[in-house]
Amino acid sequence: MAQAKIGIIGGSGLYKMDALKDVEEVHVETPFGSPSDALILGTLSGTQVAFLARHGRNHTLLPSELPFRANIYAMKQLGVEYLISASAVGSLKEEAKPLDMVVPDQFIDRTKNRVSTFFGEGIVAHIAFGDPICGNLAGVLGDAIASLNLPDVNLHRGGTYVCMEGPAFSTKAESHLYRSWGATVIGMTNLPEAKLAKEAEIAYATLALVTDYDCWHSDHDSVTVEMVIANLQRNAVNAQKVIQETVRRVSENPPSSDAHSALKYAILTNLEKVPTATKQKLGLLLQKYF
Ligand SMILES: CSC[C@H]1O[C@H](OP(=O)(O)O)[C@H](O)[C@@H]1O
Ligand SMILES: Nc1ncnc2[nH]cnc12
């Protein structure tokens with residue numbers, strides 16, 4: 001199977017990468033089922049990458065329906081070591097305006113219905129998640145954004161992404177609550193991905209593309225899909241430039257990442273006692289520890 005060290009997950013509005021060359025569509029099967037769509041392998045500025053449309057290329061999957069485990073496992077199967085997620089978010093801070101880009105460094109989990117671990121079935125592991133995003137990869141992403149000087153786009157390095165269940169947007173009371181917690185942006189997808197990427201020892205960073213002010217701002221209408229879509233189109237053009245520049249930088253100078261050894265001290269179970277079926281299922285994640 002073709003391999004790629006860098007993976008890209010495109011969210012709402014980013015269903016393909018126009019600059020990809022030598023494209024090959026790969027239907028990957030995993031022990032956790034099928035990913036959201038075929039993975040698209042191709043080269044971006046000469047570097048092999050794997051792209052996946054998070055909600056499927058026709059946006060057919062709700063956030064709660066996303067096969068997060070299959071998506072991350074499929075990336076691992078293709079050899080991905082760095083994963084860049086592009087996501088539409090609502091802003092919870094005045095200064096993070098629609099079209100701005102936020103590179104979060106923290107999450108708050110408000111999901112209720114997501115499976116966010118590969119473990120269980122006879123093997124217990126607890127990864128450290130104090131730093132859910134790879135700081136070095138996020139740094140490269142931030143530098144790439146800064147270098148492009150995109151018109152009407154301000155960069156916000158760091159910040160907290162609230163991950164809600166959805167699909168309905170928040171109530172005003174919730175939105176004000178998240179603001180009182182000091183959170184920066186809100187979305188519905190990135191936290192399970194970040195957890196699973198860490199378990200899979202893949203460095204993960206989020207490019208959060210602001211589309212709206214959620215529903216807390218007295219000078220702006222509450223978020224609607226229409227509002228999100230209007231900004232998504234411009235965001236998607238900018239996001240592709242940023243991703244291309246980030247890929248160039250990562251491939252030229254691959255950053256070190258704590259994520260690459262996240263399981264080293266995380267597994268509690270004596271590996272000799274892990275059921276054979278579980279060993280086989282998680283072989284790709286565990287092989288270096290056997
Ligand atoms: C279209 S607005 C809500 C939708 O957009 C975001 O998706 P993604 O993170 O994949 O860009 C948000 O999380 C919701 O799923
Ligand atoms: N306001 C918002 N809440 C949750 N997810 C979003 N994605 C884009 N805008 C959002």
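Here the structure is a predicted model, which means the values were calculated and not measured. Numbers here simply count residues along the sequence, with the first being 1. Whatever order the structure lists them in is the order used to number ligands and atoms, beginning at 1.
Ring centroid separation for the pair Y265 and H126 does not come in under the 6.0 Å cut-off.
In this structure, atom 10 (C) of ligand 2 lies nearest to the protein heavy atom G90 N, 3.4 Å. Counting only heavy atoms of the protein, atom 6 (C) of ligand 2 lies nearest to I186 O, 3.6 Å. In terms of protein heavy-atom proximity, atom 7 (N) of ligand 2 is nearest to A88 O, 3.4 Å.
Each of G11, S12, R54, H55, P63, S87, A88, F169, G187, M188, T189, V228 has a non-hydrogen atom positioned under 4.0 Å from some atom of ligand 1.
Using a 4.0 Å cut-off between heavy atoms, V89 contacts ligand 2 through its backbone alone, with no side-chain atom that close.
Under the 30°/60° scheme for interplanar angles, the aromatic rings of H217 and Y213 are found to be tilted.
In this comparison of T211, V223, N231, the heavy atom closest to atom 8 (C) of ligand 2 sits on T211.
Between D258 and K264 there is no salt bridge, since no side-chain N of the basic residue sits under 4.0 Å from a carboxylate O of the acidic one. Looking at D109 and R114, no side-chain N of the basic residue comes within less than 4.0 Å of a carboxylate O on the acidic one, giving no salt bridge.
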Please tabulate, for the side chains in residues 117-124, all donor-acceptor contacts under 3.5 angstrom to protein atoms that are two or more places apart in sequence or on a different chain.
from, atom 1, to, atom 2, distance (Å)
T117, OG1, F119, N, 3.0
T117, OG1, E199, OE1, 3.1
T117, OG1, E199, OE2, 2.7
E121, OE1, K281, NZ, 3.4
E121, OE2, K281, NZ, 3.4

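Sorted by first and then second residue, the side-chain hydrogen bond (donor to acceptor under 3.5 Å, both in side chains) pairs involving residues 7-16 (not counting sequence neighbours) are Y15-H59, K16-D18. For residues 146-155, every residue pair satisfying the salt bridge (charged side-chain N to carboxylate O under 4.0 Å, His left out) rule, not counting sequence neighbours, is listed here: D152-R234.
When atom types are taken as modelled, the side chain of S91 and the backbone of A96 share a donor-acceptor pair closer than 3.5 angstrom.
Listed by atom number, the atoms of ligand 2 under 4.0 Å from M164 heavy atoms are 4 (C). Atoms of ligand 2 lying under 4.0 Å from any heavy atom of D214, numbered from 1 in the order shown and given with element: 1 (N), 2 (C), 3 (N).
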